[in-house]
Peer 1: 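My questions will all concern the structure given below.
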Amino acid sequence: QVQLVDSGGGSVQAGGSLRLSCAASGYTFSRKCMGWFRQAPGKEREGVAAIYSVGGSIAYADSVRGRFTISRDGAKNTLYLQMNSLKPEDTALYYCAAAMDEYCVPPLASQLYGYWGQGTQVTVSS
């Protein structure tokens, strides 16, 4: 049974940093597509970042490119999202997601991911 456990959220001031973690179990981690998504109140869920191929191709939403970095540690079966220069508009519930495919296109399309973490709240104050 696949299980994803998100952690690392919190409250920070604008310009601050957070690192989210997603621990995966019951899942062959290193070769599958994995990503981070977020949903703010009253808004649709949006893709933030994804690793979407065996070769480790990475995609970012335009709104976070240059500020966020996605990475994974196969030995620890953990996905990370390093978030720097946070802005109030980054406030949302963040979810990690996993797919059973090794190549997911478009990589930030939530419908490609069948497994989801429970979410971790990120709040950025101005």
Side-chain angles (χ1 to χ4, degrees):
Q1 182 177 354
V2 176
Q3 186 175 17
L4 304 176
V5 179
D6 306 324
S7 63
S11 297
V12 297
Q13 290 190 327
S17 298
L18 286 171
R19 188 175 81 156
L20 306 184
S21 299
C22 173
S25 61
Y27 181 69
T28 305
F29 183 88
S30 61
R31 297 175 64 86
K32 301 296 196 295
C33 305
M34 294 196 74
W36 288 97
F37 294 76
R38 67 186 181 186
Q39 188 166 19
K43 295 187 177 181
E44 293 186 354
R45 185 173 298 185
E46 64 170 340
V48 175
I51 300 176
Y52 66 98
S53 73
V54 173
S57 299
I58 291 175
Y60 293 101
D62 289 343
S63 58
V64 307
R65 187 176 293 112
R67 299 187 298 122
F68 291 10
T69 303
I70 188 173
S71 62
R72 61 186 173 190
D73 185 331
K76 296 182 178 179
N77 250 21
T78 301
L79 182 73
Y80 300 100
L81 184 68
Q82 178 66 44
M83 305 186 296
N84 298 328
S85 302
L86 282 161
K87 302 176 181 180
E89 52 263 43
D90 294 319
T91 295
L93 189 61
Y94 284 71
Y95 301 87
C96 75
M100 296 307 290
D101 295 322
E102 297 180 354
Y103 187 72
C104 303
V105 177
L108 299 181
S110 61
Q111 62 267 29
L112 299 181
Y113 296 82
Y115 303 98
W116 294 84
Q118 82 284 1
T120 185
Q121 178 68 37
V122 172
T123 302
V124 185
S125 58
S126 58

Peer 1: Determine whether D90 and R67 make a side-chain contact, defined as any pair of heavy atoms from C-beta on separated by less than 4.5 Å.
Peer 2: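 A side-chain contact exists here, since the closest heavy-atom pair is under 4.5 Å.
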Peer 1: Can you give me the closest heavy-atom contact between A92 and A40, atom names plus distance?
Peer 2: CB-N, 3.8 Å
Peer 1: Do K43 and R38 make a side-chain contact, defined as non-hydrogen atoms from C-beta onward lying under 4.5 Å apart?
Peer 2: no
Peer 1: Assess whether atom CD of Q13 is packed by more than 12 heavy atoms of other residues, nucleotides or ligands within 6.0 Å.
Peer 2: no
Peer 1: Is R72 positioned over the aromatic face of Y80, cation under 6.0 angstrom from the ring centre and no more than 45 degrees off axis?
Peer 2: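 Relative to the ring axis of Y80, which defines the angle, R72 lies outside at least one limit.
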Peer 1: So, for L4 and A24, which heavy atoms are closest and what is the spacing to 0.1 Å?
Peer 2: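 That would be CD2-CB, 3.6 Å.
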Peer 1: Please walk me through it: do Y115 and M100 pass side-chain contact (heavy atoms from CB on, under 4.5 Å)?
Peer 2: CA-CA 9 Å; Y115 303 98; M100 296 307 290; 3.4 Å; yes
Peer 1: Can you tell if the side chain of V12 reaches within under 4.5 Å of the side chain of V122, non-hydrogen atoms only?
Peer 2: no
Peer 1: Do the non-hydrogen side-chain atoms of L81 and R19 ever get within less than 4.5 Å of each other?
Peer 2: no
Peer 1: Are the side chains of C33 and Y113 in contact, using a 4.5 Å heavy-atom criterion?
Peer 2: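 They are in contact (side-chain heavy atoms under 4.5 Å apart), so the answer is yes.
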Peer 1: Would you call D62 and R65 a salt bridge, taking side-chain N to carboxylate O under 4.0 Å as the test?
Peer 2: yes
Peer 1: Identify the heavy atoms of V124 and T91 that sit nearest to each other, and give their distance.
Peer 2: N-OG1, 2.9 Å
Peer 1: Is it true that F68 and W36 have ring centroids separated by less than 6.0 Å?
Peer 2: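 No; W36 has its ring centre 6.0 Å or more from that of F68.
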Peer 1: Taking atom types as modelled, find out whether N84 and S17 have a side-chain donor-acceptor pair closer than 3.5 angstrom.
Peer 2: yes
Peer 1: What residues form a salt bridge (Lys or Arg N to Asp or Glu O under 4.0 Å) with R45, not counting sequence neighbours?
Peer 2: none
Peer 1: So, for A23 and T78, which heavy atoms are closest and what is the spacing to 0.1 Å?
Peer 2: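 In terms of heavy atoms, the two residues are closest at CA-OG1, 4.2 Å.
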Peer 1: Evaluate the side-chain proximity of Y60 to I70: yes if any heavy-atom separation is below 4.5 Å, no if none is.
Peer 2: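 I70 vs Y60: side chains touch.
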Peer 1: Search all heavy atoms of C96 against all heavy atoms of L79 and return the closest pair with its distance.
Peer 2: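 Here C96 and L79 meet closest at CB-CD2, 4.3 Å.
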Peer 1: Y94 versus M83: any side-chain heavy-atom pair under 4.5 Å?
Peer 2: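 A side-chain contact exists here, since the closest heavy-atom pair is under 4.5 Å.
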Peer 1: Quick one, D6 with Q118, criterion side-chain contact (heavy atoms from CB on, under 4.5 Å). Give me CA distance, side-chain angles, the key distance, then yes/no.
Peer 2: CA-CA 6 Å; D6 306 324; Q118 82 284 1; 3.9 Å; yes
Peer 1: Grab the two heavy atoms, one from G56 and one from I51, that are nearest each other, plus how far apart they are.
Peer 2: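 Shortest heavy-atom contact: CA-CG2, 3.8 Å.
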